[in-house]
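For reference, the structure discussed in these notes is given below.
These figures come from a predicted structure and were not determined experimentally. Start at 1 and go down the list; that is how both ligands and their atoms are numbered. All heavy atoms count here, side chains included; hydrogens, waters and symmetry mates do not.
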Amino acid sequence: MSLRMHESVRPVLDRLDVPTDLLVAGAWRGGHDGGRIDVRDPATGEVLASVADAGVPDAQDAVDAAAAAAAGWAATAPRARAELLLRVHTLMHERSEELALLISLENGKSLADARSEVAYAAEFFRWYGEEVVRLRGQVGLSPGGGNRLVVTHRPVGISVLITPWNFPAAMATRKIAPALAAGCTAILKPATETPLTALAVAALLQEAGLPDGVLNVLTTRRPGPVIEAVLTDPRTRMLSFTGSTEIGRRLLRTAADQVLKCGMELGGNAPFVVLADADVDAAVEGAMVAKMRNGGQACTAANRFFVQAPVHDTFVEGLVARMAAVRVGPGSDERTQCGPLINDDAVRKVDELVQDALARGARAVLGGARPEDGPGSYYPPTVLVDVPADARLLHEEIFGPVAPVVRFEREEEMLTMVNDTEYGLVSYLYTGELGRGLRLAESIDSGMVGLNRGLVSDPAAPFGGTKQSGLGREGSTEGLLEFMETQYVATSW
Ligand code: NAD
């Protein structure tokens with residue numbers, strides 16, 4: 001292991017033994033052209049490790065490996081696949097402190113957020129291990145009575161899994177667990193910024209007994225050509241992508257050439273609505289979770305707050321008090337509640353959106369300016385009020401600890417603003433009347449709604465968006481069927 005880091009964390013990470021090479025056909029090895037990619041700690045800018053940089057020939061090797069393992073893995077009994085996944089679940093829990101520290105070091109998030117992520121990530125292995133042995137087909141009589149309809153599911157085939165940097169463990173396990181449970185072999189390409197956690201998870205899969213070639217991992221700084229080589233190989237059948245809508249659109253075009261099955265988890269622009277009859281303290285509590293998990297760097301992050309006039313000032317006061325008390329610092333410091341953003345580009349982008357809103361008439365009641373230059377990619381918790389409808393941050397993902405608040409009077413006015421976006425991932429709604437909340441949820445165009453809750457993610461629930469937030473669902477039985485094809489046999493007996 002070639003991780004370079006502070007002496008106090010070294011023993012913990014040595015225990016995890018994080019690989020830094022490519023995983024192809026069960027072997028850890030460098031890329032064909034020998035290149036390496038530095039992985040940096042966003043809290044200090046220091047290099048933590050260097051990982052292998054895969055090129056197109058490595059991508060072809062990975063498809064060869066996934067193809068060689070495909071028939072054997074598809075024929076492995078569901079119970080055997082399940083037991084392997086359950087072993088990985090146990091291993092992730094046994095190493096949870098080390099994994100959390102690794103996530104925190106390469107991503108920057110607080111240890112508390114990293115620990116929650118490890119628990120959430122591990123749960124996908126348990127949930128799919130439990131689910132795959134219970135998958136059922138159907139047998140029915142055709143309406144005309146002449147024949148039987150026999151419906152079964154089988155693995156879709158070689159699957160390409162591409163993940164973002166904001167949840168380095170959970171975005172990977174949310175794909176690996178159902179793909180492997182379904183009987184698919186796979187090629188994982190983690191985000192260039194945060195490859196170490198994914199490599200550590202792959203090593204745990206090997207420790208649990210994963211056969212060679214069933215999961216291959218490519219780290220690369222050339223995702224365009226490397227992924228194109230994999231997606232245009234005629235043996236590949238599935239693309240499962242989590243990341244920005246912009247890259248997702250591009251990959252869908254490439255996937256069209258071979259009509260690949262596609263699961264796309266893309267960007268969001270979540271509204272957080274507080275109605276006048278809501279419990280305002282609970283709404284502030286939920287807002288802190290929906291806004292500040294990962295320092296706002298989540299596709300599910302509340303991006304726009306709509307608060308009904310009678311409770312607007314009370315809500316803003318409560319939110320400002322809580323946001324002002326947030327302790328900002330290096331994620332790996334136990335006292336930190338909000339870590340740095342992923343890099344300096346992210347800080348520039350967040351600040352650009354804040355300055356745009358201020359220039360259009362918004363007021364900053366907390367924060368609102370990037371810190372003077374210093375080590376680490378930090379942005380202060382910020383609350384903006386009187387945000388005008390044309391401010392860019394009401395239409396673009398902020399991906400930072402910034403809460404823009406808009407006051408509204410009538411429900412219809414709020415619904416128009418809520419649905420005025422090309423995204424439809426998640427919405428949050430706080431009301432004292434459950435029936436009203438359910439009625440409004442039906443009028444909101446998003447794949448998920450948090451009703452009096454600031455957190456929706458759950459391995460047992462279908463996670464995904466409408467409109468340009470994506471295609472398909474991850475988690476739940478739907479997430480397993482994403483990696484399967486339905487076959488129908490017409491017969492008479
Ligand atoms: P990104 O789109 O820049 O990158 C995502 C992945 O795609 C990374 O692994 C990256 O290396 C890879 N990639 C980049 N260019 C590529 C190319 N030309 N060909 C193939 N792969 C390429 O996104 P990001 O900045 O890593 O993550 C943040 C985004 O992810 C946000 O938009 C966020 O909303 C979204 N996200 C969505 C979900 C969801 O479940 N809907 C979850 C987490 C993050």
Near Phe399 (heavy-atom distance under 4.0 Å), the atoms of ligand 1 are 28 (C), 31 (C), 33 (C), 34 (O)
Numbered in order shown, the ligand 1 atoms found under 4.0 Å of a heavy atom of Gly267 are 32 (O), 34 (O)
Under 4.0 Å from one or more heavy atoms of Leu266, ligand 1 contributes atoms 34 (O), 37 (C), 38 (C), 39 (C), 41 (N)
Give a yes/no verdict on whether any heavy atom in Arg174 is under 4.0 Å from an atom of ligand 1.
yes
For Ile162, the atoms of ligand 1 under 4.0 Å from one of its heavy atoms are 6 (C), 7 (O), 9 (O), 12 (C)
Atom 23 (O) of ligand 1 has as its nearest protein heavy atom Ser244 N, 3.5 Å
Any heavy atom of Arg250 under 4.0 Å from ligand 1? The part involved is side chain
Of all protein heavy atoms, the one nearest atom 15 (N) of ligand 1 is Ile247 CD1, 3.5 Å
Under 4.0 Å between heavy atoms, the region of Phe167 that gets near ligand 1 turns out to be neither
Atom 10 (C) of ligand 1: closest protein heavy atom, distance to 0.1 Å, is Lys189 NZ, 3.9 Å
Under 4.0 Å from one or more heavy atoms of Thr192, ligand 1 contributes atoms 11 (O)
Going by the 4.0 angstrom heavy-atom rule, the piece of Met171 near ligand 1 is side chain
Nearest heavy-atom approach of Val350 to Leu341 is CG2-CD1, 3.8 Å
- Query: Is the centre of the Phe306 ring less than 6.0 Å from the centre of the Phe408 ring?
  - Reply: no
The protein heavy atom nearest to atom 42 (C) of ligand 1 is Cys299 SG, 2.9 Å
Q.
Does either side chain, that of Ser50 or that of Asp38, offer a donor lying less than 3.5 Å from an acceptor on the other one?
A. no
Q) Hey, does the Lys NZ or Arg CZ of Arg174 hover above the aromatic six-ring of Phe463, less than 6.0 Å from the centre and inside 45° of the axis? A) yes
Next item on the list: For atom 4 (O) of ligand 1, decide whether some protein heavy-atom distance is shorter than 4.0 Å.
Entry: no
shortest atom 26 (O) of ligand 1-to-protein heavy-atom contact is with Trp165 CD1, 3.0 Å
Between Gly475 and Phe124, the two heavy atoms sitting closest are CA-CE2, 4.2 Å
Problem - Glu106 versus Thr197, side-chain donor and acceptor atoms under 3.5 Å - result: yes
Margin query: Is there a polar contact, in the sense of an N or O pair closer than 3.5 Å, between Pro164 and ligand 1?
Written below: no
- Query: Does a donor on one side chain sit under 3.5 Å from an acceptor on the other, for Asp344 and Ser377?
  - Reply: yes
Does a donor on one side chain sit under 3.5 Å from an acceptor on the other, for Lys189 and Thr220?
no
Looking at Gly224, Ala301, Ala198, the heavy atom closest to atom 18 (N) of ligand 1 belongs to Gly224
So for Thr242 against ligand 1, with non-hydrogen atoms under 4.0 Å, the contacting part is both
Going by the 4.0 angstrom heavy-atom rule, the piece of Thr300 near ligand 1 is neither
Near Thr163 (heavy-atom distance under 4.0 Å), the atoms of ligand 1 are 6 (C), 8 (C), 9 (O)
Worksheet item: Do Gln468 and Arg249 get their side chains close enough for a donor-acceptor pair, meaning under 3.5 Å?
Response: yes
of all protein heavy atoms, closest to atom 7 (O) of ligand 1 is Phe241 CE1, 3.3 Å
So the atoms of ligand 1 within less than 4.0 Å of a heavy atom of Ile227 turn out to be 20 (C)
Going by atom types only, do Glu482 and Ser240 share a side-chain donor-acceptor pair under 3.5 Å? no
re atom 31 (C) of ligand 1, the protein heavy-atom contact at minimum distance is Glu397 OE1, 3.3 Å
Honestly, for Leu251 the part within reach of ligand 1 (heavy atoms, under 4.0 Å) is side chain
- [ ] State, without any angle test, whether Asp64 and Gln60 hold a side-chain donor-acceptor pair at a distance under 3.5 Å.
- [x] no
Distance-only donor-acceptor hits, side chain of residues 420-429, under 3.5 Å, sequence neighbours excluded:
residue, atom, partner, partner atom, Å
Thr421, OG1, Asn269, ND2, 3.4
Thr421, OG1, Tyr423, N, 3.0
Ser427, OG, Ser446, OG, 2.9
Tyr428, OH, Thr300, O, 2.6

With sequence neighbours left out, the residues meeting side-chain contact (heavy atoms from CB on, under 4.5 Å) with Arg115 are Glu97, Ala100, Leu111, Glu334
Hey, does the Lys NZ or Arg CZ of Lys109 hover above the aromatic six-ring of Phe167, less than 6.0 Å from the centre and inside 45° of the axis?
yes
Problem set entry | Validation row, ring centre Phe399 to ring centre Trp165 under 6.0 Å | yes
Looking only at protein heavy atoms, what sits closest to atom 21 (N) of ligand 1 is Pro223 CB, 3.7 Å
Honestly, for Asn166 the part within reach of ligand 1 (heavy atoms, under 4.0 Å) is side chain
